[in-house]
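Model, not experiment: these values are computed from the prediction. So you know, we letter chains A, B, ... as the sequences are listed, proteins then strands, and number each from 1.
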Amino acid sequence: MTGGQIVFGALSYDVAHLLGGAMLVLSFLLLYQRRLSAVINIYAVQALVLAAAAAWQGWVQGSWHLYLTAAIALFAKAIAIPLSLRRIVRQLAIHRAVEIALGVFPTMILGVALGALAILVVLPTTLAAQALTREDLAIALSIVLLGQLMMITRRNALTQVIGFLSLENGLSLAAVGVEGMPLVVELSVAFLVLVAFIVFGVFFYRIRERFDSLDVRHLDQVGEGLR
Amino acid sequence: MNPALLTLDPLELASPAGLAVLVPLAAAGLLALIRPWRIAARANIAAAGASFALACLLPWQVGHVGGLLLVDHLSAYLALLTAFVGLTSAVYSHAFIPVEIAARRLDRRRLRLYHAMFQVFLGCMLLALLSNNLGVTWVAMEGATIAAVLVVGLPRTAEAIEASWKFFLICGVGIALALFGTVVLYLAALPALGPGLPAMSWSALGPAAARCNGTVLNLAFVFLLIGYGTKAGLAPLHAWMPDSHAEGPTPVSAVMAGSILNVALSVILRLRGVMAANPTAIAPGPPIMALGLASVLMAAFSLWPRRDAKRFFAFSTIEQSGLTAFAFGLGGQAGVFAGLLHMTFHTLTKAAIFQCVGRAAQLKAGQRFDQIGGLISSHRLLGLTLAAGIAALVALPPFGLFSSAFLILTETARRDPLLVAPLGVGLLVGAWALVWRLQTLCLGPATPDRGHAPAHLSLAPAWLHLGIVLVLGLAMPAGLAAWLLAAAASR
């Protein structure tokens with residue numbers, strides 16, 4: 001298998017597709033979890049699959065720097081972030097159940113609609129691109145949209161952040177699927193995710209300190225008189 | 001320059017453009033270590049001054065094209081403007097901080113973070129403006145956002161935490177869409193430029209725009225427009241802006257009001273040039289104009305019910321940002337020229353207004369309209385400066401915003417006469433609200449002073465800003481006009 005040429009039906013295509021599809025399924029799983037620990041676990045698995053997808057693309061495209069991306073996804077997103085999320089949950093003694101703003105069934109329906117939207121938007125516009133890039137992009141966009149849906153339908157600041165992190169997994173999937181994406185971008189993005197995560201962590205403590213809960217409904221109520 | 005020659009060369013950072021970016025970032029590291037806040041505030045001014053001095057060399061660097069940095073008429077001009085506002089805000093900040101410490105709104109420990117993040121923000125904004133690579137622009141924008149979020153959340157009041165959380169989440173989603181757009185733009189440029197650095201570089205994308213894949217370019221355009229539109233405060237993703245401008249420390253509101261918008265709008269402007277040069281892509285003008293017009297109308301009507309002064313002026317920022325985006329959407333050399341002019345005047349005026357409002361809020365120990373009133377009778381200089389600032393913002397002659405708003409309206413009348421009506425309604429409704437607030441803030445009986453009085457010199461930056469807006473409104477130097485026309489060409 002040498003760089004670049006990806007033929008429809010080839011093994012490289014199938015595996016990449018399988019990994020992308022797995023990430024999408026995990027995004028759907030995230031939507032209806034009732035327990036915080038399950039949400040964190042599924043996020044970790046999604047990051048693990050992202051690492052595998054990046055490594056696979058590195059082999060298929062023959063570019064070493066994708067292995068680096070894979071390593072970052074593995075160590076930062078699949079190991080370090082979930083571990084510290086668990087620590088935060090323990091330290092802040094957050095309720096282990098997830099508070100949901102919208103029921104599971106309507107959320108899933110919306111999720112399916114968003115997935116269909118992503119495919120309808122991406123597939124026709126990228127007909128000229130390679131089949132793999134095209135479908136990877138559609139899957140990645142679905143993951144991005146599902147991450148946003150999760151941010152909307154959850155009330156807890158922690159689950160909103162996991163929605164954001166899962167959305168970022170989708171972005172990474174899009175970036176590794178496109179041939180020859182400059183490394184500098186991926187590296188900086190990974191770095192920023194870490195920084196952003198630390199900032200999020202700081203905020204958990206601040207919100208908690210102020211409101212004694214991570215439920216963002218409290219946030220909407222403050223300052224209402226000032227508007 | 002041959003796109004194949006674009007490589008990442010660390011030596012590029014030793015050029016004036018690179019140093020203008022590196023100086024604030026390095027200063028941030030130092031400022032994080034300086035404990036006495038008086039020294040830190042002076043070091044903050046020195047670092048912003050050094051960065052401004054380096055930015056002053058940029059006009060002679062035009063034509064520098066590298067893998068990392070691009071200095072052309074547009075980026076050199078906007079970087080100079082950003083560095084200038086950064087410097088004057090640092091000077092203002094020096095007088096602002098003692099009062100905040102006395103009022104216990106900021107404590108000394110957090111000031112190290114404040115100064116460090118001020119410089120990180122400035123450095124990231126300059127990098128975003130001067131970067132040749134769309135990916136690096138994205139990263140710089142995100143870095144600046146994180147720095148701003150940390151500063152906005154500094155007061156640790158419930159409102160400040162709410163504002164920074166909202167800021168982080170909305171901008172996080174916006175910037176995520178922008179990154180997706182960046183990936184798609186790269187995909188669109190692959191057939192023309194091949195894999196590697198050039199397909200993400202503005203300098204290579206411009207000449208090769210016609211050979212890019214038009215339909216993929218459309219997709220990229222939508223994501224980038226929404227993503228960077230969020231940062232520019234364009235409706236409907238503007239919600240972060242009033243909160244973060246209202247709750248953050250005033251010097252940061254003053255810098256933010258100009259820089260984040262300008263960077264985001266300049267990306268949209270460059271993207272517009274790429275789209276317009278591609279025969280198969282959609283026309284980029286109408287979507288940009290629609291977002292701009294929607295923002296103008298939404299903000300103009302939202303000005304009325306506001307009770308918080310800084311929130312009020314943040315909505316006015318959304319209105320002006322919408323008007324600038326509208327002008328960029330109109331396009332043509334005249335439209336873009338008017339937009340750039342408007343952007344400049346608004347940046348200077350709004351920074352001056354925020355500095356005045358911040359000072360008034362310190363004097364009255366509150367920033368609600370019912371707490372601030374009759375400034376001219378109690379604090380003559382402050383009241384008159386604020387009145388002049390608001391008059392400039394209303395686009396009254398002889399201030400510069402009059403000429404830029406007039407240019408935008410006449411250009412609209414020439415190109416799309418029907419759009420003059422909604423745009424005019426928006427501008428009038430907004431101006432009316434501003435005049436009303438000018439009356440309550442500056443005229444009438446004075447409200448009691450409850451806070452500490454800042455040093456008198458804290459008004460100097462506002463005078464400098466308004467002076468520039470006034471002089472440029474009366475007599476625009478031919479050199480500056482030619483420069484802006486060159487920046488507006490081929491967009």
Side-chain angles (χ1 to χ4, degrees), chain A residues 4 61 63 121-122 124-129 133-134 137 140-141 144 147-148 151 157 160-161 163-164 167-168 170-172 174-175 177-189 191-193 195-196 198-200 202-203 206-207 209-211 216 218-223 225-227, chain B residues 8 67-68 133-136 138-140 142-143 145-146 149-150 153 156-166 168-169 172-173 176-177 179-180 182-184 186-188 190-191 194-197 199-201 213 215-219 222-223 242-243 246-247 305-308 311 367-368:
Chain A
Q61 295 179 17
S63 49
V121 166
V122 173
T125 51
T126 48
L127 274 181
T133 312
R134 191 156 65 97
L137 215 56
L141 182 59
V144 168
Q148 294 185 350
M151 287 168 77
Q160 284 187 342
V161 168
F164 182 82
L167 176 162
E168 200 278 330
L171 289 175
S172 299
V178 180
E179 193 190 342
M181 192 76 164
L183 170 69
V184 59
V185 177
E186 288 159 38
L187 268 186
S188 349
V189 169
F191 173 69
L192 275 167
V193 167
V195 175
I198 293 165
V199 176
F200 274 130
V202 172
F203 269 100
R206 285 195 197 170
I207 295 177
E209 173 189 290
R210 205 24 92 168
F211 304 107
V216 292
H218 298 295
L219 286 185
D220 292 338
Q221 284 155 8
V222 300
L226 285 175
R227 258 147 255 198
Chain B
L8 282 181
L68 192 58
N133 187 307
L134 190 56
V136 175
W138 183 87
V139 168
E142 179 75 8
T145 305
I146 289 176
V149 162
L150 282 174
R156 299 226 180 156
T157 55
E159 289 85 2
I161 294 179
E162 183 208 3
S164 40
W165 185 253
K166 214 187 231 183
F168 205 4
L169 280 189
V173 170
L177 293 179
L179 181 61
F180 193 81
T182 308
V183 173
V184 179
Y186 174 83
L187 190 64
L190 269 183
L197 219 45
M200 284 194 116
S201 304
N213 184 328
T215 45
V216 183
L217 209 53
N218 289 344
L219 192 64
V222 172
F223 280 100
D243 291 48
E247 304 307 337
R306 298 281 87 78
R307 280 179 282 176
D308 179 298
R311 202 174 282 268
Q367 55 189 39
R368 289 205 314 275

Item to check | Toward chain A, the part of B:L217 with a non-hydrogen atom under 4.5 Å | outcome: neither

Next on the checklist: How close do B:W165 and A:V161 get, counting heavy atoms only, and between which atoms?
Outcome noted: CH2-CG2, 3.6 Å

Checklist entry - So which heavy atom on A:L141 is nearest to which on B:F223, and how close? => result CD1-CZ, 3.5 Å

Next on the checklist: To the nearest 0.5 Å, what is the distance between CD on A:Q160 and CG on B:L169?
Outcome noted: 5.0 Å

Next on the checklist: As an exercise: rank A:V178, A:V144, A:L167 by heavy-atom pairs under 4.5 Å with chain B and give me the winner.
Outcome noted: A:V178

Next on the checklist: Would B:V183 and A:L171 count as a side-chain contact (heavy atoms from CB on, under 4.5 Å) here? Give the steps.
Outcome noted: CA-CA 9 Å; B:V183 173; A:L171 289 175; over 6 Å; no

Item to check | Proximity breakdown for B:Y186 and chain A, heavy-atom pairs closer than 4.5 Å | outcome: side chain

Checklist entry - Measuring heavy-atom distances to chain A, does B:L134 have an atom under 4.5 Å in its side chain, in its backbone, in both, or in neither? => result neither

